[in-house]
Number of protein chains: 2
Amino acid sequence: MKALQKRIGITQDALAQSLTERFIFGEEALDGLMPSTRILAEEYGVSRLFLREVLAGLQRQGLIETFPGKGVYVRKPSMLNAARNVHTTIRQSTATARDLIEARGNLEEQCAALAAERATTEDIAQMEFALKALDNANGLIPMAQADIAFHSLLAKSTHNPVLQIMFGSITTLAFDTMLRSLSDPEIYKEGAPLHYTILKAVKNRDGLAARKAMSKHIHLAEYSYKNDLDRELREIAERIVKDVLQSTSSIEEILSSALKEYSVDLGQS
Amino acid sequence: MKALQKRIGITQDALAQSLTERFIFGEEALDGLMPSTRILAEEYGVSRLFLREVLAGLQRQGLIETFPGKGVYVRKPSMLNAARNVHTTIRQSTATARDLIEARGNLEEQCAALAAERATTEDIAQMEFALKALDNANGLIPMAQADIAFHSLLAKSTHNPVLQIMFGSITTLAFDTMLRSLSDPEIYKEGAPLHYTILKAVKNRDGLAARKAMSKHIHLAEYSYKNDLDRELREIAERIVKDVLQSTSSIEEILSSALKEYSVDLGQS
DNA sequence: CACCAACACCTATCTGACAAGTCAGATAGG
DNA sequence: CCTATCTGACTTGTCAGATAGGTGTTGGTG
């Protein structure tokens, strides 16, 4: 590690930090367009490829976005994007569905309670829209999309960016398990009305009721999962991909298109 | 986007997925050493550069680790590493200290309660070690290191990987605020004994007591922060870096060395 | 047996080049 | 004068080949 630093004048990390300070936090690139890679590379005295790798890192963090033929644009931070790496790690870990439900329950209960205090009329309207879409949805995937949108909007309604990030980091996993839960009609029949209970409590500014309804809603999965409860999330996700998606498109694409459609703009609060 | 896919036979994402399935989830590379970049590039019919960028992506996700002169090694996933990108995004967002305390409080209360149920004797011994180190610590940084180690060990004691990841994603931010809190002797005098209260409750398997003590401990910061409470975390972090660190080394280095020292191996649970 | 030097690998990086997308401005045709 | 088209100068993405520097092994020498 140290040897690499000796060889060239600047590390990738150092360059990345310098660039973020200059273009993301700093006031340069006000229109959002950064100088071209050639210019930047020359300016810092590194090769274009080296700079490219640094930019790739920033892109993976969601700080910038590159367009072939156009240039590199500074991007408004997106909570969802930042959390993207996290769930791949969870999928690798030994985390089980039970672990996820436990963590998610606590988090979402807090979100429900805080949303009851803070949700704006616009927040509520968005959540109502998502629930109506869930009722009228045709097919498993549209249902799950509306479902995850509702929960994400609830997290957004807390107006706490940290909570939004935390929920964002498990959104994909929650989506996996929703796909599994919704495929069971009985579970759906029991769980769906609770959405309205939650929303009603939020409207009434009744944090405690919202929390209770959410708790009930999340923990329904504990009964429905049975044997899968202590199975690793990875296996569940794999099965879902095979059974439901049939490799038409990736889970992440479906998820992010849903969040776009329901204008869940996690971040930029 | 589509144009790029047309040009070459395989996307970066597709190759990344193929590689992970083969070497991370799959059984190849049992010793942890992957084939060299030359071989892999030839095998997939892509250039070394292209493969390199894919590997760089995997490395950023903490899936692999490259050693110059040795090769590319498959790496056991580290929860802390996976969450690294998240806090840079939080720092960019408009999140305030109040937001962090709110989210962290709820999360850590749950961790304390669950740790009381599940902590092993080894977990408890590690936490005791960290607390003793905190008492004997000399200087702000060693104190904060012991402090964050204790809280991380508590999260580890839940034996829930998802909770560990969630806590990992805000560890850096918590560390920032600890550095600020510990610099105030009065706050420290009030907050430090609560650590022992928490640990005692964990030992007694008293989840409720552990939760209460943790709640009190976290929310102490609300009094100490005063004007800073609604200031953005970014500013606080910047000030800390300037005042405390004086650019000797980065916050992340200090933090990760602490977690290593106290053998907080978030992940691989 | 101990040592060490040459060698064969590895990754990291640089150079120079070309393909392909994008956009503004010149230019030709109406 | 207006409009449609085309050219050229940008941009990123990718490539092959060469070099630098680290690491481990192997075989020869003392």
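Proteins get letters first, then strands, A, B, ... in listed order; numbering begins at 1 in each. Just so we're clear, the structure is a prediction, and the values are computed from it rather than from any experiment. The figures here come from the full heavy-atom set of this structure, side chains too, leaving out hydrogens, waters and symmetry mates.
When the P atom of C:dC14 is taken as reference, atom CZ of B:R48 falls 14 Å away, rounded to whole Å. Between B:L49 atom CG and D:dA16 atom P the separation is 10 Å, expressed in whole Å. Between the CZ atom of B:R38 and the P atom of D:dC15 there is a distance of 16 Å, rounded to whole Å. The nearest whole Å value for the distance from the CD atom in A:E42 to the P atom in C:dC14 is 14 Å. Rounded to an integer number of Å, the gap from A:L58 CG to D:dT12 P is 14 Å. If you take CD of B:E53 and P of D:dC15, they are 9 Å apart, rounded to a whole angstrom. C:dT13 atom P lies 5 Å from atom CD of A:Q12, rounded to whole Å. Atom CG in B:L33 sits roughly 8 Å away from atom P in C:dT11 (whole-Å rounding).
Along DNA chain C, the nucleotide nearest B:S36 and the nucleotide nearest A:L51 are compared for position; the residue whose nucleotide lies closer to the 5' end is B:S36.
Without hydrogens or angle criteria, B:T171 side chain to B:F167 main chain gives a donor-acceptor distance under 3.5 Å. Side chain of B:D123 to backbone of B:T120: a donor-acceptor contact under 3.5 angstrom is found. Looking only at distances, a side-chain donor or acceptor of A:N160 sits under 3.5 Å from a matching main-chain atom of B:D99.
Within 6.0 Å of CG on B:N138 lie no more than 12 heavy atoms contributed by other residues, nucleotides or ligands. Atom CD of B:E122 sits in a sparse spot, with 12 or fewer heavy atoms from other residues, nucleotides or ligands closer than 6.0 Å. Applying the 6.0 Å contact sphere to CZ of B:F129 captures no more than 12 heavy atoms from other residues, nucleotides or ligands.
Taking the six-membered ring for Trp and thresholds of 30 and 60 degrees, B:Y73 and B:F67 have ring planes more than 60 degrees apart, a perpendicular arrangement.
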Check nucleotides 23-25 of chain D for protein N or O atoms closer than 3.5 Å to its own N or O atoms and list the pairs.
| unit_1 | atom_1 | unit_2 | atom_2 | d |
| --- | --- | --- | --- | --- |
| D:dT23 | O4' | B:G69 | O | 3.4 |

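Checking A:Y44 against A:S18 by side-chain atom types alone, a donor-acceptor pair falls below 3.5 Å. Side chain to side chain, B:E53 and B:Q12 meet the donor-acceptor criterion of an N or O pair below 3.5 Å.
Proximity of A:S47 to the phosphate of C:dT15: no side-chain N or O atom is located under 4.0 Å from OP1 or OP2. B:R52 has a side-chain polar atom (N or O) that falls below the 4.0 Å cut-off from OP1 or OP2 of C:dA12. Neither OP1 nor OP2 of C:dT11 sits under 4.0 Å from any side-chain N or O of B:T66.
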Pair pattern of DNA chain C in dot-bracket, where unpaired bases get dots and | marks partners in another strand, Watson-Crick or G-U under 3.5 angstrom: ||||||||||||||||||||||||||||||
